[in-house]
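Data block below; observations after.
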Number of protein chains: 2
Amino acid sequence: MKILIVHAHPEPRSLNGSLRDRMVATLHAAGHEVVVSDLYAQGWKATLDGADFPTEPPGARLDLIDASHRAFADGAQTPDVAEEQRRLLWADAVLLQFPLWWFSMPAILKGWVERVYAHGFAYGVGEHSDRRWGDRYGEGVFAGKRAMLVVTTGGWAEHYLERGINGPIDDLLFPIQHGILFYPGFSVLEPFVVYRAERTDAARFEAITADLDRRLAGLFTEAPIAYRRQNGGDYEIPSMKLKEGLERAGQQGFRLHRA
Amino acid sequence: MKILIVHAHPEPRSLNGSLRDRMVATLHAAGHEVVVSDLYAQGWKATLDGADFPTEPPGARLDLIDASHRAFADGAQTPDVAEEQRRLLWADAVLLQFPLWWFSMPAILKGWVERVYAHGFAYGVGEHSDRRWGDRYGEGVFAGKRAMLVVTTGGWAEHYLERGINGPIDDLLFPIQHGILFYPGFSVLEPFVVYRAERTDAARFEAITADLDRRLAGLFTEAPIAYRRQNGGDYEIPSMKLKEGLERAGQQGFRLHRA
């Protein structure tokens with residue numbers, strides 16, 4: 001199969017760099033094709049701005065959604081954005097690999113999402129009616145593809161548990177898992193998270209990578225997270241509220257959206 | 001009082017630009033001093049990388065925490081980072097103003113956090129013992145200062161309610177409110193959120209800004225969110241788990257951390 005790794009760490013000799021190399025080796029050994037978008041090495045432009053829309057009239061008020069729509073529709077995007085879109089369309093599975101900085105992805109990766117997820121490509125697609133509200137949350141351009149996060153944290157695992165002070169890791173990652181991956185149609189796997197990334201000796205690295213190898217072996221067979229499909233009947237349209245009575249007793253907030 | 005607005009939108013003629021101008025005018029009229037960090041206009045470098053640590057030995061393996069610690073301690077930071085730190089220390093209140101892109105802040109603002117929040121400044125400070133676990137979550141460099149988000153979304157308000165498909169806005173903003181603002185000591189106010197930012201005519205703009213003016217009038221008197229203080233007795237140390245029995249019945253996840 002074809003796998004895209006989007007890697008966001010500035011130091012190749014870091015734990016993240018070593019995990020990236022290991023993933024490439026493991027996936028190659030299993031017969032997969034692998035492409036790596038190494039955002040730091042590529043000098044990826046992190047900031048979404050007017051320079052992303054070179055055919056917009058100079059001096060015009062920049063409406064980002066309209067400009068993105070026109071640039072995508074007219075083939076007027078910058079080459080770096082178009083290339084990342086081609087890689088996404090090529091891939092059967094996408095791995096986003098990054099250190100958790102301030103409880104989210106690094107700016108360079110956030111800027112990859114903002115620039116590559118064009119209007120008409122990753123959002124703003126599909127019929128809007130009383131039965132459908134666009135192709136999103138389970139439908140969309142990436143339907144049929146799989147995605148998984150590979151994340152390191154400096155903090156302890158306990159601090160990310162249900163009662164931990166940082167908040168539960170699944171809730172912290174929900175805006176990415178549900179809002180960035182499930183939204184344009186990916187089937188999303190449970191994240192692979194390495195805690196206390198600063199304290200990794202050789203023995204621990206072997207244990208971590210053995211776990212990671214097992215997750216990669218299941219990349220195309222593991223059951224994805226059962227997020228509810230927007231147009232599957234669970235939500236009122238157009239308010240997009242979860243219908244009453246579908247949740248398990250006591251479920252709140254983000255957890256309502258897992259069936 | 002002294003107020004810093006950190007503004008993250010590329011188009012001055014956008015709704016965000018108009019809200020920024022209105023905030024400045026309202027705060028000036030109330031007798032406050034205002035400084036704006038206009039990240040796009042300043043050409044803010046969004047990406048945290050080796051160029052942020054010019055005195056590190058060339059070719060050395062980049063450990064971001066160590067390098068950040070040394071640069072801050074030795075006064076070897078880049079001038080743009082040092083200037084933003086000075087502005088934060090000067091301010092009595094900080095407003096972060098941005099459009100919600102893919103359920104979080106724009107990359108340029110995330111990169112402001114990553115670069116300005118140095119080790120030894122905004123994290124990695126204070127005693128670690130069996131009674132304290134660093135100066136964070138309610139203590140830290142910004143203790144005594146207030147912070148508020150001013151956020152616009154393209155999506156409908158209903159989609160961000162408790163049962164809305166995007167997830168509740170308070171949970172989506174928790175990694176920022178709790179993890180970026182409360183963590184280094186800010187007293188955090190409820191966010192000011194404008195939904196459906198694409199559909200703003202003059203009458204609606206007047207209604208929005210009247211609401212915003214009221215929030216700004218209460219900037220120094222409104223009760224902050226009652227997030228639990230890490231070292232206030234509610235958490236086990238060092239696991240940082242919320243002690244059993246402190247929550248209200250049915251509270252889960254992020255909500256456990258509001259007293």
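Lettering follows sequence order; numbering is per chain, from 1. Only a predicted model underlies this, so the values are computations on that prediction, with no experimental measurement involved.
Within the 4.5 angstrom heavy-atom criterion, no atom of A/Ala51 approaches chain B. Within the 4.5 angstrom heavy-atom criterion, atoms from both the backbone and the side chain of A/Leu172 approach chain B. For chain A, the nearby part of B/Glu198 is the side chain; its heavy atoms alone come within less than 4.5 Å. Neither the backbone nor the side chain of A/Tyr227 comes within contact range of chain B; no heavy atoms are under 4.5 Å apart. Neither the backbone nor the side chain of B/Ile176 has a heavy atom closer than 4.5 Å to any heavy atom of chain A. Both the backbone and the side chain of A/Pro238 come within less than 4.5 Å of a heavy atom of chain B. With a 4.5 Å cut-off on non-hydrogen atoms, A/Leu161 touches chain B through its side chain but not through its backbone. Neither the backbone nor the side chain of B/Ile169 has a heavy atom closer than 4.5 Å to any heavy atom of chain A. For a residue to count as touching a neighbouring chain, one of its non-hydrogen atoms must lie under 4.5 Å from one of that chain's; by this rule A/Leu15 touches chain B with the backbone only. Neither the backbone nor the side chain of B/Lys45 comes within less than 4.5 Å of any heavy atom in chain A. The part of A/Tyr235 that comes within reach of chain B is its side chain, from C-beta onward, which places non-hydrogen atoms under 4.5 angstrom from that chain. Residue contact with chain A, scored on non-hydrogen atoms closer than 4.5 Å, is absent for B/Ala67. Looking at B/Leu62, the atoms closer than 4.5 Å to chain A (heavy atoms on both sides) sit in the backbone and in the side chain alike. Heavy atoms closer than 4.5 Å to chain A are found in both the backbone and the side chain of B/Trp102.
Across B/Arg255, B/Arg228, B/Lys243, the residue that shares the most heavy-atom pairs under 4.5 angstrom with chain A is B/Arg255. Heavy-atom pairs under 4.5 Å with chain A peak, among B/Gly50, B/Ser14, B/Gly111, at B/Ser14. Across A/Ala157, A/Pro168, A/Ala249, the residue that shares the most heavy-atom pairs under 4.5 angstrom with chain B is A/Pro168. Taking chain B as the reference chain and counting heavy-atom pairs below 4.5 Å, the highest number among A/Pro12, A/Pro175, A/Gly154, A/Pro99 is found for A/Pro175. For the set B/His9, B/His159, B/Glu158, the entry with the most heavy-atom pairs within less than 4.5 Å of chain A is B/His159. Ranked by heavy-atom pairs shorter than 4.5 Å toward chain B, the options A/Ser239, A/Gly250, A/Pro106 are led by A/Ser239.
Ring geometry for A/Phe103 versus B/Tyr137: interplanar angle of 30 to 60°, hence tilted.
Rounding to the nearest 0.5 angstrom, the gap separating the CD atom in B/Glu162 from the CG atom in A/Leu256 is 6.0 Å.
At least one donor-acceptor pair closer than 3.5 Å links the side chain of A/His257 to the backbone N or O of B/Gly164. Without hydrogens or angle criteria, A/Gln230 side chain to B/Ile165 main chain gives no donor-acceptor distance under 3.5 Å. Here the side chain of A/Lys110 pairs a donor or acceptor atom with the backbone of B/Trp101 at under 3.5 angstrom.
In this structure, A/Arg163 pairs ionically with B/Glu247, as a charged nitrogen and a carboxylate oxygen lie closer than 4.0 Å.
Proximity to chain B among residues 118-130 of chain A is limited to A/Ala122, A/Tyr123, judged by heavy-atom separations below 4.5 angstrom.
Contact annotation: the side chain of A/Thr47 approaches that of B/Tyr40 to within less than 4.5 Å [non-hydrogen atoms, C-beta and beyond].
The two atoms that bring B/Ala46 and A/Ala107 nearest to each other are O-CB, 3.5 Å, heavy atoms only. Scanning all heavy atoms of the two residues, the minimum distance from A/Asp171 to B/Gly253 falls at OD2-CA, 3.9 Å. Summarising the geometry of B/Leu48 relative to A/Pro10, their closest heavy-atom pair is O-CG, 4.3 Å, with the distance given to 0.1 Å. Contact record, B/Asn166 with A/Phe174: O-CE2, 3.8 Å, taken as the closest heavy-atom pair.
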